[in-house]
Amino acid sequence: AQSVAQPEDQVNVAEGNPLTVKCTYSVSGNPYLFWYVQYPNRGLQFLLKYITGDNLVKGSYGFEAEFNKSQTSFHLKKPSALVSDSALYFCANKAAGNKLTFGGGTRVLVKP
Amino acid sequence: NAGVMQNPRHLVRRRGQEARLRCSPMKGHSHVYWYRQLPEEGLKFMVYLQKENIIDESGMPKERFSAEFPKEGPSILRIQQVVRGDSAAYFCASSRETGGNTEAFFGQGTRLTVV
């Protein structure tokens with residue numbers, strides 16, 4: 001069975017500080033991992049993906065994520081958070097059959 | 001190139017009525033996926049369709065829910081005899097291909113409220 005976990009419901013960070021949103025996965029076979037962001041009353045926007053290759057993946061809006069096979073993690077990071085980064089973030093794995101299994105989401109609040 | 005278009009954005013139905021949610025995929029995309037997001041929860045897969053075919057409906061409730069993606073026109077998610085528990089945001093996504101490295105693009109969702 002495929003599962004993705006986001007252990008933190010909410011992350012609070014001051015503007016300008018580093019932001020980390022945690023994600024761990026449990027999948028059979030190779031993981032295909034994605035991060036999406038959801039702003040209020042909007043759909044999900046793709047941030048980045050890990051398929052194979054370099055463990056550090058760079059994505060949109062200055063975000064990056066580090067794939068760690070030994071820890072089965074794929075944490076999302078941004079060196080310097082902006083107030084506009086406040087949103088709901090979802091980690092997901094693409095399983096066989098092309099469907100995404102999402103984590104429960106982490107709400108990020110960046111305070112000025 | 002317009003993104004994934006969903007309509008209506010908001011839909012209010014009384015218990016027992018039917019809800020029809022529409023999704024037009026991005027141009028050139030022939031794979032459509034429907035997800036449901038209950039309040040304060042993550043997205044749950046419902047169904048995966050390719051033109052005129054249902055590929056995977058393992059996430060669809062057994063009764064009252066159906067989906068189609070005809071040769072011409074948008075994909076439709078249909079909920080018959082809605083109940084309050086159907087209140088949720090329903091998101092459609094589309095992709096051009098099915099490979100593991102292909103990302104899906106999401107619409108803005110339809111927020112269904114059953115009163």
Side-chain angles (χ1 to χ4, degrees), chain A residues 1-10 21 23-25 27-54 57 59-60 63 65 67 74 87-107, chain B residues 2-10 21 23-26 29-50 53-60 67 88-111 113:
Chain A
Q2 316 280 336
S3 67
V4 175
Q6 294 178 243
E8 299 162 316
D9 290 336
Q10 180 157 327
V21 186
C23 172
T24 59
Y25 64 90
V27 304
S28 55
N30 294 324
Y32 296 113
L33 298 165
F34 296 76
W35 275 102
Y36 285 86
V37 60
Q38 184 180 30
Y39 296 100
N41 297 316
R42 302 286 296 277
L44 274 69
Q45 295 180 30
F46 168 77
L47 281 178
L48 50 78
K49 63 184 177 186
Y50 171 83
I51 304 301
T52 186
D54 290 341
V57 179
S60 306
F63 283 94
F67 173 72
F74 189 55
L88 191 55
Y89 290 79
F90 290 100
C91 182
N93 178 67
K94 180 183 285 191
N98 219 35
K99 60 189 180 187
L100 290 165
T101 299
F102 285 89
T106 298
R107 189 167 301 280
Chain B
V4 178
M5 304 300 293
Q6 289 188 250
N7 67 82
R9 292 287 308 278
H10 300 274
L21 288 63
C23 169
S24 296
M26 286 181 68
H29 288 193
S30 60
H31 303 267
V32 165
Y33 317 84
W34 285 94
Y35 292 83
R36 176 165 63 176
Q37 184 180 32
L38 295 170
E40 303 302 319
E41 293 189 15
L43 282 77
K44 304 292 184 189
F45 169 80
M46 298 182 74
V47 62
Y48 163 32
L49 309 103
Q50 198 176 355
N53 292 304
I54 296 175
I55 308 300
D56 182 347
E57 57 181 348
S58 58
M60 288 278 271
Y90 292 83
F91 290 96
C92 171
S94 73
S95 67
R96 183 183 300 274
E97 300 168 347
T98 60
N101 62 349
T102 304
E103 64 265 29
F105 294 86
F106 282 79
Q108 292 189 313
T110 294
R111 280 156 182 80
T113 302

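The sequence lines fix the lettering, A, B, ..., with proteins before strands; numbering per chain opens at 1. Because only heavy atoms are used, hydrogens play no part in the values below, and waters and symmetry mates are left out as well, while side chains stay in. The model shown is predicted, which means the values in this text are computed figures rather than measured ones.
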- Message: Heavy-atom cut-off 4.5 Å, strictly under: side chain, backbone, both or neither for Q6(A) against chain B?
- Response: neither
- Item | Per-residue contact mode, Y50(A) against chain B (heavy atom under 4.5 angstrom) | neither
- Side-chain contact test, heavy atoms from C-beta onward, threshold under 4.5 Å: evaluate it for F74(A) versus L48(A) and give yes or no. yes
- Item | pair F67(A)-P31(A): side-chain heavy atoms closer than 4.5 Å | yes
- Message: Quick one, M60(B) with W34(B), criterion side-chain contact (heavy atoms from CB on, under 4.5 Å). Give me CA distance, side-chain angles, the key distance, then yes/no.
- Response: CA-CA 9 Å; M60(B) 288 278 271; W34(B) 285 94; over 6 Å; no
- Query: Can you list the steps and then say if S95(B) with Y33(B) is a side-chain hydrogen bond (donor to acceptor under 3.5 Å, both in side chains)?
  - Reply: CA-CA 9 Å; S95(B) 67; Y33(B) 317 84; 2.7 Å; yes
- Contact part of Q37(B) toward chain A, heavy-atom cut-off under 4.5 Å: side chain, backbone, both or neither? side chain
- What part of A93(B) lies closer than 4.5 angstrom to a heavy atom of chain A: side chain, backbone, both or neither? neither
- Find the one option among G59(B), G109(B), A104(B) whose heavy-atom pairs under 4.5 Å with chain A are most numerous. A104(B)
- Between F90(A) and F106(B), ring centroids under 6.0 Å: no
